[in-house]
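Position 1 is the first residue of the sequence, and the numbers go up from there.
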Amino acid sequence: MAGVESDASRRARETEPVTVELERKALFAARAAARAKGLSLSEWLSRVAWEQAVTEAAETSAGQCRLHPDEPPGWEDAALDRIFGQDAA
(Lines give C-alpha, C1' and ligand atoms only; values in the text may rest on other atoms or scores of the structure.)
Protein backbone atom coordinates (compact mmCIF):
# COMPACT_ATOMS: atom_id res chain seq x y z
CA MET A 1 0.00 0.00 0.00
CA ALA A 2 1.67 3.15 -1.16
CA GLY A 3 1.38 6.14 1.14
CA VAL A 4 0.54 4.14 4.28
CA GLU A 5 3.01 4.81 7.06
CA SER A 6 4.07 1.90 9.25
CA ASP A 7 3.75 2.09 13.03
CA ALA A 8 7.53 1.84 13.37
CA SER A 9 8.22 4.75 11.02
CA ARG A 10 5.51 6.86 12.68
CA ARG A 11 7.01 6.20 16.13
CA ALA A 12 10.48 7.05 14.85
CA ARG A 13 9.19 10.36 13.50
CA GLU A 14 7.25 11.22 16.68
CA THR A 15 9.94 10.32 19.21
CA GLU A 16 13.38 11.56 20.10
CA PRO A 17 16.00 9.54 21.93
CA VAL A 18 17.09 11.11 25.23
CA THR A 19 19.26 10.12 28.16
CA VAL A 20 17.87 10.67 31.64
CA GLU A 21 19.13 9.92 35.10
CA LEU A 22 16.60 8.66 37.63
CA GLU A 23 16.91 7.73 41.26
CA ARG A 24 16.96 3.95 41.59
CA LYS A 25 13.71 3.85 43.56
CA ALA A 26 11.97 6.04 40.94
CA LEU A 27 13.22 3.79 38.13
CA PHE A 28 12.08 0.67 39.98
CA ALA A 29 8.62 2.15 40.57
CA ALA A 30 8.35 3.38 36.96
CA ARG A 31 9.26 -0.04 35.58
CA ALA A 32 6.66 -1.70 37.80
CA ALA A 33 3.99 0.84 36.81
CA ALA A 34 4.80 0.43 33.11
CA ARG A 35 4.64 -3.35 33.39
CA ALA A 36 1.28 -3.13 35.18
CA LYS A 37 -0.12 -1.02 32.32
CA GLY A 38 1.37 -3.29 29.65
CA LEU A 39 3.60 -0.50 28.37
CA SER A 40 7.30 -0.22 27.74
CA LEU A 41 9.20 1.95 30.19
CA SER A 42 9.71 4.48 27.40
CA GLU A 43 5.99 4.62 26.58
CA TRP A 44 5.06 4.96 30.26
CA LEU A 45 7.62 7.71 30.93
CA SER A 46 6.47 9.60 27.85
CA ARG A 47 2.82 9.36 28.89
CA VAL A 48 3.54 10.46 32.48
CA ALA A 49 5.74 13.35 31.34
CA TRP A 50 2.99 14.56 28.99
CA GLU A 51 0.28 14.33 31.66
CA GLN A 52 2.42 16.18 34.20
CA ALA A 53 3.36 18.89 31.72
CA VAL A 54 -0.29 19.47 30.79
CA THR A 55 -1.31 19.59 34.46
CA GLU A 56 1.39 22.09 35.35
CA ALA A 57 0.60 24.25 32.31
CA ALA A 58 -3.09 24.31 33.29
CA GLU A 59 -2.25 25.24 36.87
CA THR A 60 0.06 28.02 35.69
CA SER A 61 -2.56 29.27 33.27
CA ALA A 62 -5.22 29.28 35.97
CA GLY A 63 -2.94 31.34 38.19
CA GLN A 64 -2.19 33.82 35.43
CA CYS A 65 -5.85 34.25 34.50
CA ARG A 66 -6.70 35.85 37.83
CA LEU A 67 -8.36 39.22 37.46
CA HIS A 68 -7.31 40.72 40.78
CA PRO A 69 -5.93 39.60 44.15
CA ASP A 70 -9.18 40.06 46.10
CA GLU A 71 -11.20 37.36 44.37
CA PRO A 72 -14.32 36.02 46.03
CA PRO A 73 -13.88 32.99 48.31
CA GLY A 74 -13.79 29.73 46.37
CA TRP A 75 -12.83 31.34 43.07
CA GLU A 76 -9.66 29.27 42.69
CA ASP A 77 -11.51 26.00 43.36
CA ALA A 78 -14.19 26.93 40.83
CA ALA A 79 -11.53 27.79 38.24
CA LEU A 80 -9.76 24.46 38.74
CA ASP A 81 -13.11 22.66 38.49
CA ARG A 82 -13.66 24.31 35.11
CA ILE A 83 -10.16 23.46 33.90
CA PHE A 84 -10.03 19.87 35.09
CA GLY A 85 -13.73 19.08 35.05
CA GLN A 86 -13.72 17.74 38.57
CA ASP A 87 -13.55 18.79 42.21
CA ALA A 88 -10.26 20.42 43.14
CA ALA A 89 -10.24 18.97 46.68
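- With rounding to the nearest 0.5 Å, the separation of NZ in Lys37 from CD in Glu43 is 13.0 Å.
- Remark: Ser46 engages no residue in a side-chain contact (heavy atoms from CB on, under 4.5 Å) (not counting sequence neighbours).
- Leu45 belongs to a hydrophobic cluster whose remaining members, ordered by chain and number, are Val18, Val20, Leu22, Leu27, Leu39, Leu41, Trp44, Val48; membership requires side-chain heavy atoms of ILVMFWY residues under 4.5 Å apart, directly or through intermediates.
- Counting only residues at least two apart or on different chains, no side chain to side chain donor-acceptor pair (under 3.5 Å) pair has a member in residues 18-32.
- Not counting sequence neighbours, the partners of Ser42 by the side-chain contact (heavy atoms from CB on, under 4.5 Å) test are Ser40.
- Screening residues 48-58 for side chain to side chain donor-acceptor pair (under 3.5 Å), with sequence neighbours left out, gives Gln52-Glu56.
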